[in-house]
Trainee: 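Pasting a structure below so you can have a look.
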Amino acid sequence: MSGFSGMQAWLLQRFSAIYIVLFAIILTMILWGGEELSYPTWVALFAQPWLQVMSSLFVVALLFHAWIGLRDVILDYIKPVGIKMLVMSAIVFMLLASGFWLLRALLLVEVIS
Amino acid sequence: MQSSDGRPIYLDLKNIKLPISGIISIMHRAFGIILSFSIPVLTYLFTLSLQSEDGFNQVAGMLDSGWLFPVYFFFIWSFVHHLFAGIRYLLIDLEIGVEKQIATKSSQVVLVAALVVSFLLTLGVVL
């Protein structure tokens, strides 16, 4: 019902966590080490294929991580099946909408630049 | 109160004295929820910043306000605390630091280190 078996969720939560941290560190170092940000440098940064791929993977990792975490919280605290389903659906919608919007923006950078 | 299999559950919140490992665990959850709900907000800011020069300047203007220091601090603290507590859980998965004394000590380290590192990072972002 919740999408993954316990073991899959457990593993995915940990591997996605590690990727999220590595990506956060890399992006922070790039932004802190670089020159003052302007629109052209910002677009040029994300137009690089390697960062596009890594960012897209980050979006996927983040969505899985957030979903498994929120799912665990919902399963712990919300017992009535109807409300549980409603809240889960709303959260899936929020996460998927954000994710697709992010991926769309990341892929369109190439067109803009 | 009773659970479904008849065992009593004791949930008098005012009388439960949570150990520090419990406190950082609840914070790990609460911050995880906050971070999840920041995803749509950050998505909006990120996509707007890439859309056009106007959008970029709009986002830069929004993020530049001096009164945002507490917001930055709270967001960075959420991330760093969630991260540090998460590393502690990974170590516990590997059966490192399971003993009560060490678990208490590592909880204190997570709580304090997260606050200090978050404060420094926030200063770094703002200044």
Side-chain angles (χ1 to χ4, degrees), chain A residues 10-11 13-18 20-21 24-25 27-28 31-32 36-47 52 55 58-59 62-63 65-74 76-77 79 90-91 93-113, chain B residues 1 3-4 9 11 25-26 28-61 63-64 75-76 78-80 82-94 117 120-127:
Chain A
W10 187 87
L11 270 177
Q13 193 67 331
R14 278 143 188 84
F15 281 112
S16 57
I18 291 167
I20 289 168
V21 177
I25 292 173
L27 193 62
T28 307
L31 292 180
W32 234 323
E36 186 80 17
L37 276 181
S38 62
Y39 182 65
T41 57
W42 184 239
V43 169
L45 178 67
F46 284 99
Q52 270 193 344
S55 309
F58 169 76
V59 171
L62 189 66
L63 291 192
H65 193 86
W67 167 243
I68 295 167
L70 289 174
R71 184 201 67 158
D72 288 347
V73 175
I74 292 167
D76 277 352
Y77 299 123
K79 294 305 175 192
I91 282 172
F93 177 80
M94 172 186 90
L95 292 178
L96 282 183
S98 302
F100 283 128
W101 199 6
L102 280 171
L103 292 177
R104 179 178 172 276
L106 280 170
L107 295 176
L108 283 178
V109 170
E110 206 120 26
V111 183
I112 300 169
S113 64
Chain B
M1 195 160 48
S3 70
S4 51
I9 301 177
L11 275 181
S25 171
I26 286 194
H28 181 79
R29 279 210 149 180
F31 284 154
I33 296 170
I34 290 168
L35 289 168
S36 300
F37 282 99
S38 72
I39 291 176
V41 180
L42 295 177
T43 297
Y44 171 73
L45 293 175
F46 181 72
T47 50
L48 182 60
S49 77
L50 279 180
Q51 218 164 51
S52 64
E53 181 115 40
D54 258 5
F56 181 87
N57 292 332
Q58 236 175 301
V59 174
L63 296 183
D64 220 13
F75 177 75
I76 291 173
S78 302
F79 184 85
V80 173
H82 195 81
L83 168 61
F84 285 3
I87 292 172
R88 180 173 172 273
Y89 297 134
L90 283 180
L91 292 174
I92 288 175
D93 282 343
L94 300 172
V117 170
L120 295 177
L121 278 176
T122 313
L123 283 182
V125 169
V126 175
L127 298 180

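The structure presented is a predicted model; accordingly, all values stated were derived computationally and were not measured. A, B, ... follow the sequence lines: proteins, then strands. Residue 1 opens every chain.
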Trainee: Would you say the side chain of A:Trp101 lies within less than 4.5 Å of the side chain of B:Tyr44, judging by non-hydrogen atoms?
Mentor: yes
Trainee: Please classify the contact between A:Ala97 and chain B as side chain, backbone, both or neither, with a heavy-atom cut-off of under 4.5 Å.
Mentor: neither
Trainee: With a 4.5 angstrom heavy-atom cut-off, is it the side chain or the backbone of A:Leu95 that approaches chain B, or both, or neither?
Mentor: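 Contact with chain B: side chain only.
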Trainee: Donor-acceptor pairs are to be reported for all side-chain atoms of residues 28-43 of chain B against protein atoms at under 3.5 Å, with residues two or more places apart or in another chain.
Mentor:
{"unit_1": "B:His28", "atom_1": "ND1", "unit_2": "B:His82", "atom_2": "O", "d": "3.3"}
{"unit_1": "B:Arg29", "atom_1": "NH1", "unit_2": "A:Asp76", "atom_2": "OD2", "d": "3.0"}
{"unit_1": "B:Arg29", "atom_1": "NH1", "unit_2": "A:Tyr77", "atom_2": "OH", "d": "3.3"}
{"unit_1": "B:Arg29", "atom_1": "NH2", "unit_2": "A:Asp76", "atom_2": "OD2", "d": "2.8"}
{"unit_1": "B:Ser36", "atom_1": "OG", "unit_2": "B:Gly32", "atom_2": "O", "d": "2.9"}
{"unit_1": "B:Ser38", "atom_1": "OG", "unit_2": "B:Leu35", "atom_2": "O", "d": "2.6"}
{"unit_1": "B:Thr43", "atom_1": "OG1", "unit_2": "B:Ile39", "atom_2": "O", "d": "2.7"}

Trainee: Looking at A:Trp32, A:Trp42, A:Trp10, which one has more heavy-atom pairs under 4.5 Å with chain B than the rest?
Mentor: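 If we count pairs closer than 4.5 Å to chain B, A:Trp42 comes out on top.
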Trainee: Specify which of A:Ser98, A:Pro40, A:Ala105 makes the most heavy-atom pairs with chain B at under 4.5 Å.
Mentor: A:Ser98
Trainee: Within residues 53-61 of chain B, which positions have a heavy-atom distance to chain A below 4.5 Å?
Mentor: B:Glu53, B:Phe56
Trainee: Tell me, for A:Leu102 versus chain B, whether the close heavy atoms (under 4.5 Å) come from the side chain, the backbone, both or neither.
Mentor: both
Trainee: Within this structure, what is the CD1-CD1 distance for the pair B:Ile87 and A:Ile18, rounded to the nearest 0.5 Å?
Mentor: 9.5 Å
Trainee: In terms of heavy-atom pairs under 4.5 Å with chain A, which of B:Val125, B:Asp93, B:Leu83 leads?
Mentor: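 Option with the top pair count is B:Asp93.
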Trainee: So which part of A:Val21 gets closer than 4.5 Å to some heavy atom of chain B, the side chain, the backbone, both or neither?
Mentor: side chain
Trainee: At a heavy-atom separation under 4.5 Å, does B:Leu90 approach chain A through its side chain, its backbone, both, or neither?
Mentor: side chain
Trainee: Sort A:Thr28 into side chain, backbone, both or neither according to what part of it lies under 4.5 angstrom from a heavy atom of chain B.
Mentor: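 Neither the backbone nor the side chain of A:Thr28 comes within 4.5 Å of chain B.
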